[in-house]
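I have placed the structure first, in the form of structure tokens, so that the comments after it can refer back to it.
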Amino acid sequence: MLRFQNTLSGKVEEFVPLTKGQVRMYTCGPTVYDFAHIGNFRTFVFCDILRRHLRLSGYQLLHVMNLTDVDDKTINNSRAAGLPLAEYTQRYSEAFLEDCQRLQIERPEKIVRATDHIQDMAHTIRLLEEKGFTYRRDNSIYYSIEKFPGYGKLSKIDLSGIRSGARVDQDEYAKADARDFVLWKAPKPDEPFWETEVGPGRPGWHIECSVMATKYLGDTLDIHVGGTDLAFPHHENEIAQAEALTGKTFSRYWLHCEHLVVEGQKMSKSLGNFYTLRDLLGKGYSAAAIRYLLAAVPYRKQLNFTMDGLRQAAASIERLENFRFRMTTMPFPEGENVEIAAKAAAFPEAFQNALDDDLNTAQAMGVLFELVRDANTSIDAGQFRKGNITAILKCLDRWNEIFQVLPASEAGNETDKKTVEGTLSDTDVEQKLQDRRNARKARDFALADRIRDELIAAGILVEDTAEGARWRRKS
RNA sequence: GGCGCGGUACCCAAGCGGUAAGGGAGAGGUCUGCAAAACCUUUAUGCGCCGGUUCGAAUCCGGCCCGCGCCUCCA
């Protein structure tokens, strides 16, 4: 039984979609004003694991994610870069999607841009005006939260303590009540604006998500996800906008991903611990290790992202790759080991149960590693049989369909690596191994070791076994 | 101040009333020409602290200490 911690109720609830077998979910995507950082990617990796788990649990998915391509930050940065807004945001939208690809984040069924939905937003604002939830000031339009009785139900925030004038950002836009938020911003000189049925201007941030989510997913979504900081005010405002209009529940489940800290401290540019994906790849860490670390800690727990953690993640992946290497290259006697067969057969359910429990990824990893150790022990004891290989590899693949840190297959990996410049081809490697074999036969171990070192330097791992040397490319 | 999350071995981390998963790192061992890989043993009589409930608590209750987040369009 699949269960999620629902922010709306504050409890763990069984997940039952509105339509049997179908899940409609929405993710608050990035604002494309710069390269996304690893904190952003923790949320998106979490969404990805959620998606994959739902899909592999048999649900048909309709997942929508937005790209915020018009707001203060995008406007300011594009101006600083001397580029038109659309050109500027296009650049970072593409960078974001590239980064997602490197992290094996599946593409949602639909990715939507705010600027493609300006008229939809204006129309929704018009309807909210007609229903009396708004007011105008200096050609901007605000949402009056006192008109929406349910305000605060998601974040459980008590707004009575926030008084007008206190703790309010010095927004150039005048609000009647500090707690209100802007739906539509009046045009300003040097800022892009659109002509719409509510007049010229540009949309506030919150309106895009409720408009695009309901447009593509209907009045009521099954799941809405985002970073924990978005619960208030962003998601609270989305609810206020959508439910004021439809009178229906906007989203039935709200999942919030906890933030990460870096080396125990909040990530910030001034502390020098602010990392984009590109920064880390540039330091030589693999995308797989980054994904592993981001996925290994369950999403509701704060994750301490460290360079040591990345090394540990890489070592863990290495262990799994070594294991698959053994599975695919070692000779085993015919037959089947019933104990191993039973353990492999028990894997899918244990794995499923771990993820069903509010996506307990740490446990889901543990389940696999236990199987790996059991199989390795069996191999070393000479008990492993050829007939067990397929089932074990299936477990590995099933696990990897969620975590996506191992190459899809050895064959795929080889092809990929061969195209990389400066690496040795298979025949080169075989030739060097032949040289090394001869050297060893002649008991010239110094030469043999030198050849092995050369291969290691080229990313080729050599292992001597009773059946001769075997090798693989190290990722 | 309000709301929320968390403190489990050297590091990461599961565990949600029945006697401490898993990964990484270290130490010792097996195997090996040497490695590598793998396996075995080992590293928390104790889960922030103090009380309480219970036959039994890391797990429940009360109090306290510490870290972090949100309450400012920062995932």
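Letters A, B, ... mirror the listed sequences (proteins, then strands); counts begin at 1. Just so we're clear, the structure is a prediction, and the values are computed from it rather than from any experiment.
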Out of [options], whichever nucleotide has its closest atom nearest the side chain of [X]:
X: Asp464(A); options: C39(B), G33(B), G23(B); value: G33(B)
X: Asn304(A); options: G6(B), G69(B), C12(B); value: C12(B)
X: Glu258(A); options: G69(B), G33(B), A75(B); value: G69(B)
X: Val182(A); options: C39(B), G22(B), C73(B); value: C73(B)
X: Ala315(A); options: G24(B), A37(B), A75(B); value: G24(B)
X: Val297(A); options: G23(B), A38(B), A13(B); value: A13(B)
X: Gln302(A); options: G69(B), A36(B), A75(B); value: G69(B)
X: Asn360(A); options: A14(B), G33(B), A38(B); value: A14(B)
X: His37(A); options: A75(B), A38(B), A13(B); value: A75(B)
X: His259(A); options: G24(B), A14(B), A75(B); value: A75(B)

On a plain distance test, is the side chain of [X] in donor-acceptor contact with the base of [N] below 3.5 Å?
X: Gln312(A); N: G23(B); value: yes
X: Asp449(A); N: G33(B); value: yes
X: Arg300(A); N: C5(B); value: no
X: Arg42(A); N: A75(B); value: no
X: Arg440(A); N: G33(B); value: yes

In whole Å, what is the span from the [atom1] atom of [X] to the [atom2] atom of [N]?
X: Asn237(A); N: U72(B); atom1: CG; atom2: C1'; value: 13 Å
X: Glu318(A); N: A38(B); atom1: CD; atom2: C1'; value: 13 Å
X: His256(A); N: C71(B); atom1: NE2; atom2: P; value: 13 Å
X: Lys266(A); N: G6(B); atom1: NZ; atom2: P; value: 19 Å
X: Gln363(A); N: A21(B); atom1: CD; atom2: C1'; value: 7 Å
X: His234(A); N: G69(B); atom1: NE2; atom2: P; value: 21 Å
X: Arg202(A); N: C73(B); atom1: CZ; atom2: P; value: 14 Å
X: Met365(A); N: G24(B); atom1: CE; atom2: P; value: 12 Å

Check your understanding: Heavy-atom distance under 4.5 Å between the side chains of His37(A) and Phe274(A), does that happen here?
Key -> yes
For [N], give the paired nucleotide (Watson-Crick: N1-N3 plus N6-O4 or O6-N4; G-U: N1-O2 and O6-N3; both under 3.5 Å), or none.
N: C16(B); result: none
N: C70(B); result: G2(B)
N: C60(B); result: G52(B)
N: A36(B); result: none
N: C31(B); result: none
N: U42(B); result: G26(B)

Quick one: do [X] and [Y] make a salt bridge, cutoff under 4.0 Å?
X: Glu339(A); Y: Arg385(A); result: no
X: Asp34(A); Y: Arg91(A); result: no
X: Arg278(A); Y: Glu98(A); result: yes

Distance below 4.0 Å between [X] side-chain N/O and [N] OP1 or OP2:
X: Lys73(A); N: C74(B); answer: yes
X: Thr306(A); N: C12(B); answer: no
X: Lys156(A); N: C71(B); answer: no
X: Arg319(A); N: G23(B); answer: yes

Review point. RNA chain B: Asp374(A) or Gly264(A), which has the more 5' nearest nucleotide?
Key: Asp374(A)
Revision key, fill the gap. Residue pair Ser316(A)/His206(A) against RNA chain B: nearer the 5' end by closest nucleotide is Ser316(A)
Pairwise [atom1] distance for [N] and [M], with rounding to whole Å:
N: G22(B); M: A75(B); atom1: C1'; answer: 28 Å
N: C73(B); M: A13(B); atom1: P; answer: 30 Å
N: G24(B); M: U59(B); atom1: P; answer: 29 Å
N: A25(B); M: C34(B); atom1: C1'; answer: 24 Å
N: C65(B); M: A58(B); atom1: P; answer: 24 Å
N: C50(B); M: G15(B); atom1: C1'; answer: 24 Å
N: C74(B); M: A38(B); atom1: C1'; answer: 46 Å
N: C40(B); M: G7(B); atom1: C1'; answer: 34 Å

Practice item. Decide if atom CG of Asp444(A) counts as having more than 12 heavy atoms of other residues, nucleotides or ligands within a radius under 6.0 Å. Key: yes
Review point. Roughly how far, to the nearest 0.5 Å, is CZ of Phe41(A) from CZ of Phe35(A)?
Key: 10.0 Å
Heavy atoms only, 4.0 Å cut-off, all strands: where does [X] land among base, sugar-phosphate and nothing?
X: Pro30(A); value: nothing
X: Phe369(A); value: sugar-phosphate
X: Gly39(A); value: base
X: Leu368(A); value: nothing
X: Asp229(A); value: base
X: Val462(A); value: base
X: Arg450(A); value: nothing

Review point. Which pair of heavy atoms, one from Ser378(A) and one from Asn337(A), lies closest together, and at what distance?
Key: OG-ND2, 3.7 Å
Review point. Is it true that the side chains of Gln312(A) and Asp308(A) contain a donor and an acceptor less than 3.5 Å apart?
Key: yes
Practice item. Report the C-alpha distance between Asp356(A) and His53(A) in whole Å, list the side-chain angles of each, state the deciding distance to 0.1 Å, and finish with yes or no for side-chain hydrogen bond (donor to acceptor under 3.5 Å, both in side chains). Key: CA-CA 8 Å; Asp356(A) 275 355; His53(A) 183 55; 2.8 Å; yes
Review point. Are His256(A) and His235(A) near enough that their ring centres are under 6.0 Å apart?
Key: yes
